[in-house]
Amino acid sequence: MSGTKVNPYAVLAIGVISVSTSAILVKVSTAPSGVIAFYRMFFSVLFMLPVFLIKYVPELRLITRRDWLFSIAAGVFLAFHFILWFESLNYTSVASSTVLVTLQPLFAFIGTYFFFKEKFSWKAILSGLVAVIGSVIISWGDFKISGSALFGDMLALIACALVTAYLMFGQSVRKRLSLVTYTFVVYSISSITLFIYVLIRQEPLVPYGTSDWVYFILLALIPNLLGHTLFNWSLKWLSTSTISMAILFEPVGAAILAYYLLQEAVVWTQALGGAIVIGGVSLFLLDERRIRLKEMKKNMIGEVKDGS
């Protein structure tokens, strides 16, 4: 983190607040899940296009075959993450869906350990488990023993695994590409994937009311261009597991927004779970920061010794 003047954790916090609006905007839209996902990504690409064309096109020549493969994989995983998550909101509540889709540490811990050989202290693992338990408690009072609710929960859980894979592929590529180039490439691939999906499913791209078009644009601007782009920026300075842990705050923000905007009641289990999530995530981030600062000091001492 010594290479940036901006605090990556502050950036990550803004990203989490931004993505907390996503479930609300999807819930109030009348369009099919695939169409919502497509326009979210399509408008994001359109908004980024002028900046990309003016400054970043030459960087495309620097992308290796491996980076193209990883970027394509990330874009496809992101596309199907949105499809399954948006579809889950048709069957279960905002609280339940956002809780399950943000249980990324369960997948990130395993993925980063096997693919990136990332080590975790017992404190980090324990705080992660605490945060996951808190996330489950948030939606405990909202879970319903019914086929449709359980189906929605399963869709959200699969979407969770897919977005973790998207972040893991991005962690490798993002370190070698600028934020704008990486984001534009991945969002473009995701848009193409979603367009093909919509055509296969024969979901209508038009007509929709004015409110739906406003929701599409807001999804592109707030959760995507602000939220996910900030996550992509953070990948250069923070690990996938750290970002995944911080995203556990999303159910808290989504539950609050759902209460005020959709009149979804907040029960005591959601309040208790939210407090536990905040505590668990805070412990993890503090421990992760302590470990990284310790490693930085160790490296600096090693460089001083080598120089002498």
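Ring orientation note: the planes of Phe151 and Tyr91 are nearly perpendicular, at an angle over 60° on the 30°/60° scale. Ring-plane geometry between Phe47 and Phe43 is classed as parallel, the angle between the planes falling under 30 degrees on a 0 to 90 degree scale with a further cut at 60.
For the pair Arg40/Leu194, no side-chain contact is recorded, criterion being any heavy-atom separation below 4.5 Å from C-beta on. Between Pro8 and Leu12, the closest side-chain pair of non-hydrogen atoms is not below 4.5 Å. Residues Glu87 and Leu84 fail the side-chain proximity criterion, which asks for heavy atoms closer than 4.5 Å. The shortest distance between side-chain heavy atoms of Leu225 and Tyr187 falls below 4.5 Å. Two residues are said to be in side-chain contact when any heavy atoms from C-beta on lie closer than 4.5 Å; Thr21 and Leu219 fail this criterion. Residues Phe184 and Tyr56 form no side-chain contact, since every pair of their non-hydrogen atoms from C-beta on lies 4.5 Å or further apart. Using a 4.5 Å heavy-atom threshold, the side chains of Val173 and Trp68 count as separate. Side-chain atoms of Pro32 and Val35, non-hydrogen and from C-beta on, do get closer than 4.5 Å to each other.
In this model, no donor atom of one side chain and acceptor atom of the other lie less than 3.5 Å apart for Thr193 and Ser190. No donor-acceptor contact under 3.5 angstrom links the side chains of Thr64 and Arg176, judged on distance only. Neither side chain, Glu250 nor Ser20, offers a donor N or O lying under 3.5 Å from an acceptor on the other.
No continuous path of ILVMFWY side-chain contacts below 4.5 Å connects Ile192 to Phe38, so the two sit in separate hydrophobic clusters. In this structure, Leu205 is a member of the same hydrophobic cluster as Phe42, with clusters built from ILVMFWY side-chain heavy atoms closer than 4.5 Å. Hydrophobic clustering, with ILVMFWY side chains joined whenever heavy atoms are under 4.5 angstrom apart, keeps Phe52 apart from Ile54. Connection of Ile83 to Met154 is not established within any shared hydrophobic cluster, with ILVMFWY side chains joined at heavy-atom distances below 4.5 Å, either directly or through further cluster members. Taking hydrophobic clusters as Ile, Leu, Val, Met, Phe, Trp and Tyr residues chained together by side-chain heavy-atom distances below 4.5 Å, Phe80 does not share a cluster with Ile196.
Val163 and Cys160 get closest at one heavy-atom pair: CG1-O, 3.2 Å. The shortest non-hydrogen separation linking Tyr182 to Ala74 is OH-CB, 4.0 Å. Between Ala156 and Ser97, the shortest heavy-atom distance links the atoms CB-O, 3.8 Å. Nearest heavy-atom pair, Ala31 versus Tyr208, reported as atom, atom and distance to 0.1 Å: CB-CE2, 3.6 Å.
Here OH of Tyr215 is found 8.0 Å from CG of Leu25. Values are rounded to the nearest 0.5 Å. Annotation: the span from Ser29 atom OG to Leu89 atom CG amounts to 11.0 Å, rounded to 0.5 Å. Note that OG of Ser71 is 5.5 Å distant from CD1 of Ile189, once rounded to the nearest 0.5 Å. Between atom NE2 of residue His81 and atom CD1 of residue Ile158 there is a gap of 13.0 Å, rounded to the nearest 0.5 Å. In this structure, the separation between CD1 on Ile217 and CG on Asp212 is 11.5 Å, given to the nearest 0.5 Å. Atom CD1 of Ile72 and atom OG of Ser188 lie 11.5 Å apart (nearest 0.5 Å).
Counting non-hydrogen atoms of other residues, nucleotides and ligands closer than 6.0 Å to OH of Tyr259 gives a total of 12 or fewer. Atom CD of Gln263 sits in a crowded spot, with more than 12 heavy atoms from other residues, nucleotides or ligands closer than 6.0 Å.
Figure legend: Arg66 and Phe70 shown as a cation-pi pair, the cationic atom lying under 6.0 angstrom from the six-membered ring centre and within 45 degrees of its axis.
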Test ring pair (Phe, Tyr, Trp, His ring centres under 6.0 Å) on Phe77 and Phe169; report intermediate values, then the result. CA-CA 9 Å; Phe77 280 128; Phe169 276 101; 5.7 Å; yes

Begin with the C-alpha distance, continue with both residues' side-chain angles, and end with the deciding distance and a verdict on side-chain contact (heavy atoms from CB on, under 4.5 Å) for Ile63 and Leu177. CA-CA 8 Å; Ile63 303 178; Leu177 294 180; 3.8 Å; yes

Given the rule in the side-chain contact (heavy atoms from CB on, under 4.5 Å) test, do Tyr197 and Glu203 qualify, once you have shown the distances and angles that lead to the verdict? CA-CA 9 Å; Tyr197 173 84; Glu203 294 179 351; 4.3 Å; yes

Please assess Leu261 against Lys27 for the test side-chain contact (heavy atoms from CB on, under 4.5 Å), listing each intermediate value before the final yes or no. CA-CA 11 Å; Leu261 301 178; Lys27 195 83 171 181; over 6 Å; no

Test Phe231 against Val19 for side-chain contact (heavy atoms from CB on, under 4.5 Å), laying out the working first. CA-CA 10 Å; Phe231 291 156; Val19 297; 3.7 Å; yes

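Checked against a 6.0 Å centroid threshold, the rings of Tyr39 and Phe216 count as neighbours.
Met48 pairs with exactly one of Asn224, Val180, Leu53 by the side chain to side chain contact (heavy atoms under 4.5 Å, CB included) rule, that one being Val180.
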